[in-house]
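One structure below.
This chain uses plain numbering: 1 for the first residue, then up along the sequence.
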Amino acid sequence: MFSITDEPLPQELVGDSSQQLAASEHRALLTLIGARPYLLVSEPIEDVQHFAVGSLDILVPLDSTFLTASQLSVASTQNITAIMDADAQVILSSSNPLEIEAGTPLSALRNRYVLTMQSFSDYRDSDLNMLYATLMPKALFQQTGQAILDLERRQRAMGAAGIIGTFVLLFVLVSSRINRSLRRLQDFARRALGESLTPLPQSGNRLMQLDDRIHDVIDLVLRARDETRSRHESEMRQLEALRAGVMEASVDSIVTVDADGMVIDFNPTAQRAFARTLEEATGRRLAEMVFEEGSAQYFQSLLERLAESGSIDNEFTRVELTATDGEGGRRSMEVAIRPIVLDRRTLFTVYLCDIQERKEREVEMRALAAFPEESPSPVLRINSRGVITYANAPSAALLEYWQCQPLQTLPVYWREKVDEVLQTGHDRELEINTDKGIYSLLLTPVQGLGYVNVYARDVTDQRRAEDALQQRQDELVHVARLSTMGEMSTGIAHELNQPLSAIVNFSNGCARRLRLGIGTEEELLSALSQISEQANRAAEIIKRLRALVTRQHLVRHEVDVNHLISEVCKLLAHDLRKLEIAVERRLYSDALIVCADTVQIEQALINLVRNALDAMKDQPALERRLRIGSGIAHNGMVYISVEDSGVGIRSSDMEHLFDAFYTTKDTGMGMGLAITQTIIEDHHGMIHAESWPGKGGTFTIELPRNVETPESLAS
Ligand code: ADP
C-alpha cells in the first residue's frame, strides 16, 4: 500500500494491509482510522485467468478540506458541515475546524447552531454510524428565517395584488357584460312587450340592478303572458261566437260528414233544407238524403277519393250536382267539399248552395242577351267615349250612314249627342234620314255603366204615310177653306160692299162739289181721306180672304190667342150682324201666347163660330147668345171656348161629332169639326165639346202655352 498523494498513509495502515487485501469484492465503507474518519473504497484486481491478485483501495480522509469542498453546494458559507459519530454524539471533523474542532460533543453545539443530519446509507459495510451534519449558526438561521418571512410576505403581497388585479379586470368585464345585458333587457321589454322599463340609473351596483331588471322583466313577461292568454281566450270565444253566427246566418247548408259521408253535424239552414232535425239526420248518408241517384253515387265516390288521397289543404273541391226537393222536383246544387282533420280523423265540411234560381236566371240572361241579336230593328251600344261596343246585324244601314264599324268611334255630332244623353240621364229621340231609309233613334242612357243603348226603328213607311196624310190634310183644309169661302161669300160681298159704296159715295160727292165749284179744299181732302180709309178697309178684307184661301205650308210663330179671336170676329162680322148676335167676349186680361199657325187656328175658330151660328139661326133673335172666352186651364194649357145658346147636341151625336163627313145639316159637309180636330192636335192641343140639349153647347180648344220653339214645331 502506498500513497499517490502528498499526504502520507495513516500509520495504522502502513504495517498491515492484509485486511484490505483480503477484500475480494467491491466495498465502500466509512471508518475511523486513528480517530479520523475516512471513506475507504476497495476494488478487487484480477489477472488474465481471473485470479485475484490484489485490490485497489482508495482512502478519502473526511477532513475539513473534504467537508469544505462538499459545502460548495450549501447556500451560505457561514454554514458548517461536519462528520459526526452518531453513537458518540461527537464531531469527527468539520469544514471549519477553527470554529468546531474534532471531538466537540454535539450538546456543546446545540445552543449555537441549528443542526441537520443525514446518514450515509450507501455505505453498508461501514463499521461506524457516521452522520453528515450541517450546522447553521442560529443567528444566521433567524436572519434567513426573517428573510424567508419577508420573501413570503412580498410574495403574498404580490399574489394579493395579482389576485386583486385579476378581480378588477374580471369585475370590469363582468360589469360591461351586465351593462350590455341590462340594455338588452330594456330593448327586449320595449320591443317584445311593448313596455319601457324605467331608465337605468347612471351609477350603482350593476349586479343588483341586473337582478332588479330581471325581476321587472319577468314580471312584465308574466303579465304579458297573462294578458295574451286572456286575449287569446277572448278571441277564441269571439271566434267561436262568430263561427256559430256564420253557421246560423249562412244561406248555404253547411254539413259535416265523416269519410263515409255520414252526417255528423249541420247548420240551421241545412235543417230547414233537409226538413230533418240533427238527431234525425245524424248517422244517415248525406248523399242519400239530398241528391238524386246519379249525383249521390258521384258524391260518395268523390268523398272516397278525397279520403284516400289524404291531402288536407284549404282548397275546396267544387262540383255541381242535382238534388231532389222531396216532391219529385230537381234542383241544381253547387257543392263545395273541404277536408278537415279532427282528433286524427278526416272529416269533410260540405257546403251546399242552391243555384237553381241562379241557373234559371243565367238561362234567362242568355236569352235576354240574344234579344238584340234576334231583333229585326237596329240595336247598338255606345260607350261614353262614343265607341260602338255592340251593333246587331240590322244596324248595318246606320253604320253605313255613320261610316264606321263596331269598336270604332261615332262622328263628332253623334258623340256629342251620346254625351248629352249621358249627362242629362234622359232618353232622347232623334231621327236620321239615310240612303236606306228614315230611322227614329231612341238613345237610352245606362248611367251606372256609362254607356248609351240605341234602339232604332225604320220609320220610312210611317213618315211617307204621314207626309201623304199631311198632304191630303192640306188639300182638305184648302177645300174646306174654299167651301168656307163659298159659304161666306155673301157676307164677304156685303162686307166689301160697304167700303166700296162708301168710296163711291165719297168720290161722287167730291166730283159734284168740284163741278159746282162748291166745297172747300178741306172738305175735299177729308172726303179723299175717307175714300182712302174705305179702300184700305176693303183691301184688308180681301187680304184676309186671300190668306184664308191660299194654300200655305205650316208656319208657326208666337201669336196672342186674344188677337186671333178678334180677327175671327172681324171676318164673321157680317154673319153676326145678320143674326143680330153681339159676341160676348170673356178674354184673359193678358196676352195668351201660343205657338201656332195663325191661319189654321183662325180656320178652326171660324168653324166653331159658324157651327154656333148655325145652331142658333132658328132661335128667336133675343135668345141668341154667343160667348167667346179665353184663359189658362188647370192643366196650364191656353183655352178658347165658344159657347152658344143653340139647339145643343144630342148625346147620341156626341161620339160622332169629330168624325169626317158626319153632319146633321142638309147642306153640311161634315168636315168642319174633323178638320178642326186635326189642326188642334197638330198643334199638340185638344178639343172637346159639352152640350145641354135644347140649351146650347160649348166647344173648347186647348193649346200648349208657348212651351216649344217655333223651329221645333216647324220640324
Ligand atoms: P157641318 O157643319 O158641315 O155639319 P161639322 O163637322 O162642322 O160639319 O159639324 C158636324 C155636326 O156637329 C153638325 O152637323 C152638327 O150636327 C153638330 N154641331 C157642330 N157644332 C154644333 C153646335 N154648336 N151646336 C149643335 N150642334 C153642333
Side-chain angles (χ1 to χ4, degrees), residues 224-363:
R225 190 195 62 185
D226 290 348
E227 278 172 14
T228 307
R229 186 183 293 160
S230 73
R231 199 162 56 228
H232 180 67
E233 283 170 3
S234 133
E235 278 171 8
M236 289 294 285
R237 275 196 301 276
Q238 283 175 10
L239 211 64
E240 185 55 34
L242 196 69
R243 197 193 67 84
V246 169
M247 289 283 278
E248 296 256 325
S250 170
V251 288
D252 293 344
S253 299
I254 305 174
V255 189
T256 308
V257 296
D258 64 14
D260 292 329
M262 300 293 188
V263 173
I264 294 172
D265 191 12
F266 58 47
N267 70 344
T269 309
Q271 183 165 331
R272 282 193 295 278
F274 307 158
R276 282 190 178 86
T277 63
L278 183 59
E279 289 73 37
E280 288 165 351
T282 307
R284 294 195 57 184
R285 255 188 231 286
L286 174 67
E288 287 163 7
M289 270 197 302
V290 179
F291 302 121
E292 56 90 42
E293 206 182 328
S295 289
Q297 282 173 3
Y298 182 81
F299 179 80
Q300 276 304 122
S301 63
L302 184 63
L303 275 193
E304 279 167 26
R305 269 210 313 279
L306 287 170
E308 273 169 23
S309 81
S311 76
I312 306 295
D313 48 27
N314 283 332
E315 290 298 308
F316 283 99
T317 304
R318 291 175 194 277
V319 284
E320 206 177 298
L321 299 173
T322 308
T324 52
D325 62 3
E327 291 163 11
R330 294 171 168 218
R331 299 191 72 78
S332 289
M333 288 274 178
E334 190 180 73
V335 182
I337 308 168
R338 192 169 75 166
I340 48 169
V341 172
L342 214 66
D343 295 336
R344 296 186 183 168
R345 257 178 94 194
T346 302
L347 304 176
F348 296 93
T349 307
V350 184
Y351 296 79
L352 299 150
C353 178
D354 188 334
I355 55 166
Q356 184 65 26
E357 274 179 36
R358 194 182 82 196
K359 292 208 81 165
E360 283 167 10
R361 271 204 305 278
E362 278 171 10
V363 171

**Message:** Rounded to the nearest 0.5 Å, what separates atom OH in Tyr351 from atom OG1 in Thr269?
**Reply:** 12.0 Å
**Message:** Between Ser295 and Thr322 (side chain of the first, backbone of the second, donor and acceptor by atom type, cut-off under 3.5 Å), is there such a pair?
**Reply:** yes
**Request:** Inspect the surroundings of CD in Glu293 and state if more than 12 heavy atoms from other residues, nucleotides or ligands are less than 6.0 Å away.
**Result:** no
**Request:** Would you mind listing every salt bridge (Lys or Arg N to Asp or Glu O under 4.0 Å) that reaches into residues 270-286, with sequence neighbours excluded?
**Result:** Arg285-Glu288
**Message:** Please report the interatomic distance CD1(Ile340) to CZ(Arg345), rounded to the nearest 0.5 Å.
**Reply:** 10.0 Å
**Asked** When you look at Phe291 and Tyr298, which way does the side-chain contact (heavy atoms from CB on, under 4.5 Å) test go after all the steps?
**Response** CA-CA 10 Å; Phe291 302 121; Tyr298 182 81; over 6 Å; no
**Message:** Quick test of your reading of the model: are Glu233 and Arg229 salt-bridged, counting only N-O distances below 4.0 Å?
**Reply:** no
**Asked** Going by the angle between their ring planes, with limits at 30° and 60°, are Phe266 and Phe274 parallel, tilted or perpendicular?
**Response** perpendicular
**Fill in**
Separation between CD1 (Ile337) and CG (Leu302), nearest 0.5 Å, reads 4.0 Å
**Prompt:** Would Val319 and Phe299 satisfy side-chain contact (heavy atoms from CB on, under 4.5 Å), going step by step from the backbone distance to the final call?
**Reply:** CA-CA 9 Å; Val319 284; Phe299 179 80; 5.7 Å; no
**Distance-only donor-acceptor check, side chains Gln356 and Glu360, under 3.5 Å** = yes
**Fill in**
Rounding to 0.5 Å, atoms CG (Leu303) and OG1 (Thr346) come to a distance of 11.5 Å
**Request:** Mind checking the CZ-CG spacing from Arg331 to Asp354? Nearest 0.5 Å is all I need.
**Result:** 4.0 Å
**Item:** Gap separating the CD atom of Glu292 from the CD atom of Gln297, nearest 0.5 angstrom
**Value:** 9.0 Å
**Request:** Kindly determine whether Val335 and Glu320 satisfy side-chain contact (heavy atoms from CB on, under 4.5 Å), including the steps that lead there.
**Result:** CA-CA 6 Å; Val335 182; Glu320 206 177 298; over 6 Å; no
For residues 252-261, which side-chain donor-acceptor pairs fall under 3.5 Å, sequence neighbours excluded?
from	atom 1	to	atom 2	distance (Å)
Asp258	OD1	Asp260	N	2.9
Asp258	OD1	Gly261	N	3.1
Asp258	OD1	Met262	N	2.9

